[in-house]
Structures are given as structure tokens and as C-alpha cells.
Amino acid sequence: MHLRSYSRIALRQWQTYHSLNLPRQCPQIARYFQTTSRALVIKPFLLADIGEGIRECEIIQWFVEPEARVEEWDKLCEVQSDKASVEITSRFAGVIKKLHYEAGEMAKVGKPLVDIDIQGEIKEEDLAALTEPGQGEESQAQAEDMAAPTPEPTPAPGTLPIPEKEPKPKGKHASLATPAVRHLTKELDVNIEDVEGTGRDGRVLKEDVYQFAKQRDTASTPSSQPTTSPAPTSGPQTETVTQLSNTQHQMFKTMTKSLNIPHFLYAQEIDFSGLSKLRSRLNHTLAKVPAANDLTKLSFLPFIIKAVSMTLTQYPILNARVDTDPKTSKPVLVMRNQHNIGIAMDTPSGLIVPVIKNVSSLNILSIASELNRLQSLASNGKLTTPDLSGGTITVSNIGSIGGTYVSPVIVEREVAILGIGKMITIPAFDEEGKVVRREVCNFSWSADHRVVDGATMARAAEVVRAFVEDPDSMVVHLR
Ligand code: COA
């Protein structure tokens, strides 16, 4: 409380000081800001390296415009990489002088994103991270600190916390908005002056426009029919163009790249009876005595993930990726020692594939716990780029929804993927010819047939089967 009002006073003093354009001598204020050095010129603010191998990202929307004042941690823009969409926040307070890209353009990692007039004083270590124009290529590491992708920034000590959740009046900036928001208002036929902005100083954000249009349309639509799905009529066919969501857009790009991979499909029926019994026993125990990480239940997936990892130890080719040797331009296989298993997840915003890292070092309980963590972040849209990066093979359990067989599509930089169908109970013959109850589940593998031959895939899949059908055999391999 004290800190907040103290900071507000400091902010007002700071702004007054700037508006008076006095010589830069204000030691008291400088102390509040914990500053030690000064920057008087406009600096290019570089796009950080936001994940392994990502060279460029699409600018989805800007939250600022030229001449807008930004504070430390203010959102600058949202970018979409191959892996995820990320909000880029400002590390500095200052005035935006130039946006280097329009929304929809591809921004290069390590190149200037915006020019910012850092009018205030900055810390020595931050000053060191600033890059002179023209040095962009050399200083990607410095750039990482410049425009840090920060999904949920926590104000640093000494910075000015911006009050949250206070209802914001329609301010003098209410009609100020980014080009993307203005485009949206045109698309939805909304007058920006009518919209109450919830952004800084009452700026109108995309969500405000959507919310306004939704309320307007609900009020004026007599039935509750969703506008995107017109009721069938006896008139002529109508076609409505709908923009792809960010996740669909990403899926479009990733899957189009996957088309270059010749897929080899291998499917097998796995007897889940033993695993099912073991899971019931363990869940019975966990219900009474939760595991250290508060885990009270296991699904089938952690066992399957572990079985896949143990198989990769015997078949490392399935954990590799295909690349091109820069010297010879010939294709090569890049082998990888860590088993980073991507898990396809169905989330409210669509398909997303977070990664459980270094599975060979985890036991079943820690895999389950990591799975829960990622699942919970995914359903809240809170996954970070590290959560989504570095996958070496993917497992897609579509069977939790339904389906018997699946033809899974291999993800770029991987050579194999496992699709799991729905476990069902069937009558089967035992060794003595008696009819017995069996629980079975189909596993469908896709492998990159340029580098993985059918026999290798079949042998590896049979090793996975052996582990899953006899889960006790996994125990001796567990750490
Ligand atoms: N067959 C039958 N039942 C299954 C199953 C399968 N293959 N997989 C899971 N289940 C059961 C679980 O045991 C659990 O039942 P229970 O409550 O009785 O124990 C229930 O279904 C729900 O499981 P879930 O919460 O989904 O856990 P999970 O660890 O099996 O899967 C996810 C987690 C995130 C992978 C899963 O929820 C998901 O999103 N799957 C969809 C993946 C997808 O969309 N793939 C397609 C990509 S193109």
C-alpha cells in the first residue's frame, strides 16, 4: 500500500520533471528509480531470441504506437512464433519513436523491433545491454535482455506498479488504439469512440472491441443463434469467411511443413489388461496416501511416456532429427541424448504440444506430475515458450476423447510420433482357449520414412508394447 502511493508520487514527480524539460539533475527521483546512468538518445529495441531455432515471428498486434509513453513492463506487442504466441514487454520507460513492422509482418530475432527514446535514467547493466544501430547481428545475446518475452511480468523492486483491476474511466486516450485494434473496429463495424477502453489511460484494446460488439449483437439479435453459424435456410448457399485463430494459424504453418515428410504408418493392438490392473492398484493407494507432489491419481499416459523413453534408449534414431550439413549440403541425422517428449493437448484454444523434458531421468510419478502441470497451464493459456520448445518425439493420446486408429502427423524437427486410440474391453481367447475379458488399445506410429525404415519402426514399437503389456518389467529400469 505504502509502496504503491509512494511510487505514484514518484511517478508524478518524474512526469512533471520531464514535462518541464529541466536539465537532467534530479537525484531524489533518480534514487527512487535506482538508476546510475543516463541515456539521452533514441535506441533500437531488439526482438529477443524467444526459443531455440526461431529466427522470426509474426507481429500479431501492437499495444503501442509512435509517441506513446511506455513504462517498464508495459506490453509492446504480441508475436507469434512457430511455437507459441508471446507478449513482448518493455524493459525500459520511455517514448516510442518508431515501430519497425506493421501487424502481420515477420519480425527478425535480433533486429530492431521498436525505437524507444529512453528519456529516463537507466541502470549500468541495462545500459550495457543496449545495442547501437548496425550492431544487431552481433548482439543477439544482449538482445535477449532487451525485449524479454514475459507472459506474466512481476514488477521489479523499485519500479512503479501499475494499479490493477481498478475500473478505468474513459480517458483522453480512449480513442487511441493500435492499427490492429482500428482494423478490428472496422471489421466489426464499431465506432471506437463508443468503446470503453480498459487499457492504459483508457486505451481501447482488442478485447474491449470484441466485448462491445458481443454485447451490441446480443442486444440486437432476437434469437440466441451464434452469428458465425447461420441457421440453414431454404435460400441459396452462403459462404462466410472466418479468420484463423492464432492456434489454427500456427497449426496451418506447422502442418504444411510436415507435408514434406513421407510418413510411414505402423499400427498395433496393445493389451492394456496388466497396465489397467496396476493403475487401479496404484490409484487405490494414491487415493489414501497422495504422492509427495499431491498426486492422487495416475492416467495411462505417464506409463506410456516412460515406455517410449525406455525404447528410445534402444532406438535412438527415433529421437533424432533430420538436417542438412551446411558444408556438404547433404542430409544428416542429428542424434539427441535427452528424451523430450511432446504431448499433444486439446485445449480451449485448440491443439498445443507442450514438452516433458528429459523423461529418461524421471519416474512415473514425476512424469505424471509434470503432465498435470503442463495440462493445467495449457488449459489456462499460460504455457511459456520453454514449455513448448525442444521436443524430440511426440505422443498424442486422442483415445481420451475417442477413436480406434489415428494417422498422426510428424512434427518438424522430429522423426516419429505415437498416436494412442481409445482403450476398449473385448472378449478374447487365453492360452487355454477360454474366453476372457481383455482391455485393448491401438497404438499408431508414424515415422519419417526417409530415415526410418519399416523394420526399425516395427521393432521399436514392439519394445514399447512389451513394456506397456508387462508394466512390472519397467520397474527395474526406473530411477
Ligand atoms: N483410452 C481410454 N481412456 C483413456 C485414454 C485412452 N486412450 N486416455 C485417457 N483415458 C482416460 C483416463 O484414464 C481418465 O479416466 P479416469 O478419470 O477414469 O482415470 C480420462 O480418460 C481422462 O484422462 P485425461 O485427463 O485426458 O488424462 P491423460 O493423461 O490420459 O491425457 C491429455 C492428458 C492432455 C493428453 C488429454 O487430456 C488430451 O488433451 N488429449 C487429446 C490429445 C489430442 O487432441 N490429440 C490429437 C492431436 S491431433
Side-chain angles (χ1 to χ4, degrees), residues 263-288 291 295 297-319 339 341 343 359-360 362-365 367-368 371 393-408 416-447 449 452-479:
H263 283 55
F264 169 84
L265 180 69
Y266 179 88
Q268 47 178 184
E269 189 179 84
I270 310 278
D271 186 343
F272 260 34
S273 308
L275 176 58
S276 199
K277 283 190 194 122
L278 174 66
R279 186 177 90 103
S280 300
R281 272 203 319 272
L282 290 173
N283 281 348
H284 191 67
T285 309
L286 283 173
K288 286 193 275 184
L295 207 67
K297 201 172 174 190
L298 293 166
S299 67
F300 296 110
L301 206 45
F303 298 92
I304 300 168
I305 293 168
K306 189 67 196 177
V308 168
S309 168
M310 283 160 42
T311 304
L312 291 178
T313 308
Q314 295 178 41
Y315 292 89
I317 189 174
L318 297 181
N319 200 48
H339 306 154
I341 303 189
I343 309 297
V359 173
S360 60
L362 303 178
N363 62 29
I364 306 270
L365 286 178
I367 294 172
L371 189 60
I393 189 170
T394 298
V395 172
S396 173
N397 180 20
I398 195 76
S400 60
I401 300 170
T404 309
Y405 304 102
V406 53
S407 172
I417 180 170
L418 167 62
I420 303 166
K422 185 172 178 59
M423 185 192 76
I424 49 167
T425 306
I426 55 158
F429 294 110
D430 68 6
E431 279 153 15
E432 290 156 14
K434 283 200 225 124
V435 175
V436 290
R437 179 194 163 104
R438 285 255 190 284
E439 271 141 352
V440 295
C441 183
N442 284 284
F443 280 13
S444 309
W445 290 88
S446 287
H449 212 352
V452 180
D453 58 41
T456 304
M457 184 65 258
R459 287 191 190 104
E462 290 307 315
V463 174
V464 174
R465 172 215 285 280
F467 282 132
V468 174
E469 291 194 343
D470 182 12
D472 294 346
S473 67
M474 281 200 253
V475 171
V476 289
H477 299 273
L478 296 183
R479 297 177 184 218

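Computed over heavy atoms, backbone and side chain alike; hydrogens, waters and symmetry mates excluded. Residue numbers count from 1 along this sequence.
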Handout entry: His449 side chain to Val452 backbone, donor-acceptor under 3.5 Å
Key = yes
Exercise for the section: Please report the C-alpha distance between Glu462 and Arg459 in whole Å, then the side-chain angles of each, then the deciding distance to 0.1 Å, and finally whether the salt bridge (charged side-chain N to carboxylate O under 4.0 Å, His left out) criterion is met. Expected result: CA-CA 5 Å; Glu462 290 307 315; Arg459 287 191 190 104; over 6 Å; no
Problem - pair Phe443-Val464: side-chain heavy atoms closer than 4.5 Å - result: yes
Practice task
Compare all side-chain heavy atoms of Val308 with those of Ile341 and state whether any distance is below 4.5 angstrom.
Solution key: yes
Handout entry: Residue list, side-chain contact (heavy atoms from CB on, under 4.5 Å) with Ile398, at least two apart or on another chain
Key = Ile401, Val406
Fill in the blank from the handout: CD1 of Ile424 to OG1 of Thr404, rounded to nearest 0.5 Å, is 6.0 Å
Problem - Ser280-Asn283 side chain donor-acceptor pair, cut-off 3.5 Å - result: no
Practice task
Would you indicate whether the side-chain heavy atoms of Ser444 and Leu265 approach each other to under 4.5 Å?
Solution key: yes
Completion exercise
Residues Thr456 and Tyr315: closest non-hydrogen pair is CG2-CD2, 4.0 Å
Fill in the blank from the handout: Between Phe264 and Gly454 the two heavy atoms that sit nearest each other are CZ-CA, 3.3 Å
Exercise for the section: Indicate yes or no: at least one non-hydrogen side-chain atom of Val468 is less than 4.5 angstrom from one of Phe272. Expected result: yes
Handout entry: Heavy-atom side-chain proximity of Leu298 to Leu365 below 4.5 angstrom
Key = yes
Practice task
Using atom types as modelled and distance alone, determine if a side-chain donor or acceptor of Glu469 lies under 3.5 Å from a backbone N or O of Asp271.
Solution key: yes
Exercise for the section: Output yes when a side-chain donor or acceptor of Ser309 lies under 3.5 Å from a complementary backbone atom of Ile305, and no otherwise. Expected result: no
Exercise for the section: Kindly indicate whether the side chain of Gln268, heavy atoms from C-beta on, has any atom under 4.5 Å from the side chain of Ile270. Expected result: yes
Handout entry: Minimum heavy-atom distance Phe429-Val436, with the two atoms named
Key = C-CG2, 4.3 Å
Exercise for the section: Examine distances only and state if a side-chain atom of Arg465 and a backbone atom of Glu269 form a donor-acceptor pair shorter than 3.5 Å. Expected result: yes
Handout entry: Exercise: identify the closest heavy-atom pair between Ala368 and Pro302
Key = CB-CG, 3.7 Å
Handout entry: Sub-4.5 Å side-chain heavy-atom contact between Ile343 and Thr394
Key = no
Handout entry: Pairwise distance OH(Tyr266) to CE(Met457) - rounded to 0.5 angstrom
Key = 8.0 Å
Exercise for the section: Locate the shortest heavy-atom distance separating Val435 from Pro427; write the atom from each residue and the value. Expected result: CG1-CB, 3.9 Å
Practice task
Could you grab the distance from atom CZ of Arg279 to atom CZ of Phe300, nearest 0.5 Å is fine?
Solution key: 4.0 Å
Practice task
To the nearest 0.5 angstrom, please state how far the CD1 atom of Ile420 sits from the OH atom of Tyr405.
Solution key: 15.0 Å
Handout entry: Sub-4.5 Å side-chain heavy-atom contact between Trp445 and Ile417
Key = no
Handout entry: Distance in Å, Asn363 CG paired with Lys306 NZ, rounded so as to fall on 0.5 Å steps
Key = 7.0 Å
Completion exercise
Those residues at least two apart in sequence (or on a different chain) that pass side-chain contact (heavy atoms from CB on, under 4.5 Å) with Glu431 are none
Practice task
Using atom types as modelled and distance alone, determine if a side-chain donor or acceptor of Ser446 lies under 3.5 Å from a backbone N or O of Pro408.
Solution key: yes
Practice task
Could you tell me whether the side chains of Glu439 and Ser273 share a donor-acceptor contact shorter than 3.5 Å?
Solution key: no
Practice task
In sequence, state the C-alpha distance, the side-chain angles, and the governing distance for Val440 and Thr425, and then conclude on side chain to side chain contact (heavy atoms under 4.5 Å, CB included).
Solution key: CA-CA 6 Å; Val440 295; Thr425 306; over 6 Å; no
Fill in the blank from the handout: Interatomic distance, CG@Leu295 vs CD1@Ile367, rounded to 0.5 Å, equals 11.5 Å
